[in-house]
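Chain identifiers are assigned alphabetically (A, B, ...) following the order of the sequence lines, protein sequences preceding nucleic acid strands; residue numbering begins at 1 within each chain.
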There are 2 protein chains.
Amino acid sequence: MLAKSVFTAIVPRLVFRVTKDVEEVRRRFISVAGHTTQSLGMGRSVGQIFAHVYFSREPQSLDDITEALGVSKGGASMCVRQLAQWGAVRQVWVKGDRKDYYEACDDFGRIVRRALLDAIGSRMERTDNLLAEAENLLGNAANGGKGKDPDMVFVRKRIRNLRKFRDRAQWIWEHSVLRLLRK
Amino acid sequence: MLAKSVFTAIVPRLVFRVTKDVEEVRRRFISVAGHTTQSLGMGRSVGQIFAHVYFSREPQSLDDITEALGVSKGGASMCVRQLAQWGAVRQVWVKGDRKDYYEACDDFGRIVRRALLDAIGSRMERTDNLLAEAENLLGNAANGGKGKDPDMVFVRKRIRNLRKFRDRAQWIWEHSVLRLLRK
DNA sequence: CGTTACGTTCAAAATATATTGAACGCAATG
DNA sequence: CATTGCGTTCAATATATTTTGAACGTAACG
């Protein structure tokens, strides 16, 4: 405590100012990251925690996180696991300490790719299943002569268009987005 | 009423079966669309309403929608406006009727493009502002010699990486995703 | 003009989602 | 082997978001 007082008394003002700026930048990023993940429907904590770890030079323990952000330990635990699953954060061992420490990974390409896969992949598949089910139930283009019910004709056409777009979307997804994010 | 009874009594079973199947497919799509938009954080009604209109041969009024889906008129009004803004739905006039009618637009490329622009565009910009603010506050690479505070050096490096990824993401966004969705 | 049939708005209610924190299990430590 | 310090779980709670529906403005109609 004494040492710190002496320190703040003698260091040049510049260093002090600089430290304040760094803190300010950290706070701003944590805030924006939190709002961003919240508006994406993933909760505020995930973004805040990632930003905090990302801008921390030292690996952070759950306790560090709860203290820095004021979130509960349980929540921190869950968010950190989520982040680790996306490869946004990795666990590092600090010798002589039983706690788990985490540091941020800086490969956003991979992080975003995994997060998107997590968010989009299953939805794509479900849509595909639904389309297949519908095509199966209503018959595909081949036996188009059977059902002359105008409603049926109309719905079939819509389903064909939907299928066409879905296939194109998948192409863009696989050959463009995922590939480009891969460094 | 009598007419309908006679009708159902004499038509071949096949037509009956087919109608049932079409209804079933409609229901399934409405359900999945609802869950999808909900899980995307846009509310269930938006998806349901679009699916309903998309699979309706006749233009649909707000009353048609509220009756078909059991949503409130106010909600239907707001959702329809949202959908119209994305170009997912367009207003059509039916002569001799004061109601507004809507029909679905089938150009998913344009729809998704607009929706994504709406969802991503502003976020991109805000991230850009934040980065610019930080770069301005902490100084950019040019005066890297000034602040030797290790914390400052570290944060600067992280911000540089962030900037690098952001620029790449924007490139992918503009030159790949938006372009490819444009037919 | 008064009346009716619309679409829209927005505060309140309902719902969905995220967060908390006490209880738990486990493994390291003395 | 008791104790302590961890991370995890999950029911309860807090929060954010969506949905409702009554009140309102407006334009068409008789």
Distance check needed: [N] [atom2] versus [X] [atom1], whole Å only.
X	N	atom1	atom2	answer
B/K95	D/dA28	NZ	P	18 Å
A/L69	C/dA18	CG	C1'	15 Å
A/D97	C/dT29	CG	P	10 Å
A/W93	D/dC6	CH2	P	16 Å
A/Q60	D/dC6	CD	P	15 Å
B/L62	C/dC6	CG	P	10 Å
B/Q82	D/dT18	CD	C1'	13 Å
A/D100	D/dG5	CG	P	16 Å

Quick one: is B/K73 getting a side-chain N or O under 4.0 Å of the D/dG21 phosphate, OP1 or OP2?
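No, because none of the side-chain N or O atoms of B/K73 sits under 4.0 Å from OP1 or OP2 of D/dG21.
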Give a yes/no answer on whether the side chain of A/R81 brings an N or O atom under 4.0 Å of OP1 or OP2 in D/dT9.
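Yes, A/R81 has a side-chain N/O under 4.0 Å of OP1/OP2 on D/dT9.
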I need the residues from residues 39-56 of chain B with at least one non-hydrogen atom less than 4.0 Å from DNA chain C; give them sorted by number, or say none.
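Those residues whose heavy atoms fall under 4.0 Å from DNA chain C, taken from residues 39-56 of chain B, amount to none.
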In plain terms, say whether B/R179 and B/E174 are close enough for a salt bridge, that is, a side-chain N and a carboxylate O under 4.0 Å apart.
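Looking at B/E174 together with B/R179, the answer is no, because their closest N to O distance does not fall below 4.0 Å.
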Where does the angle between the aromatic ring planes of B/F50 and B/F108 fall among parallel (under 30°), tilted (30 to 60°) and perpendicular (over 60°)?
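Perpendicular.
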5′-ward residue of the pair A/G75/B/S61 relative to DNA chain C
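Result of the comparison: B/S61.
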For B/R163 and B/D128, run salt bridge (Lys or Arg N to Asp or Glu O under 4.0 Å): C-alpha distance rounded to whole Å, both residues' side-chain angles, the deciding distance at 0.1 Å, then the answer.
CA-CA 8 Å; B/R163 156 71 62 190; B/D128 199 36; 3.1 Å; yes
For A/G96, which contact category applies under a 4.0 Å heavy-atom criterion: base, sugar-phosphate, or nothing?
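The residue A/G96 makes no contact with any strand.
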Using heavy-atom distances to pick each residue's nearest nucleotide on DNA chain D, tell me which of A/Q38 and A/D63 is more 5'.
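Looking at the nearest nucleotide for each, A/D63 comes out on the 5' side.
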From [options], pick the nucleotide closest to the side chain of [X]?
X	options	result
A/R98	D/dG7, C/dC6, C/dA27	C/dA27
A/S77	D/dG7, C/dC6, D/dC10	D/dG7
A/S72	D/dT8, D/dT19, C/dT20	C/dT20
B/M78	C/dC6, C/dC10, C/dT19	C/dC10

Are A/R26 and A/S56 linked by a side-chain donor-acceptor pair shorter than 3.5 Å?
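Distance-only check fails for A/R26 and A/S56.
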Examine the side chains of B/D64 and B/Y101 and answer whether a donor and an acceptor come within less than 3.5 Å of each other.
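Per modelled atom types, B/D64 and B/Y101 side chains form no pair under 3.5 Å.
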For the atom pair CZ (A/R166) and CG (A/L131), what is the distance rounded to the nearest 0.5 Å?
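Here the interatomic distance stands at 7.0 Å.
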Could you tell me the separation between the CZ atom of A/F165 and the CG atom of B/D107, rounded to the nearest 0.5 Å?
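Answer for the CZ-CG pair, A/F165 versus B/D107, is 8.5 Å.
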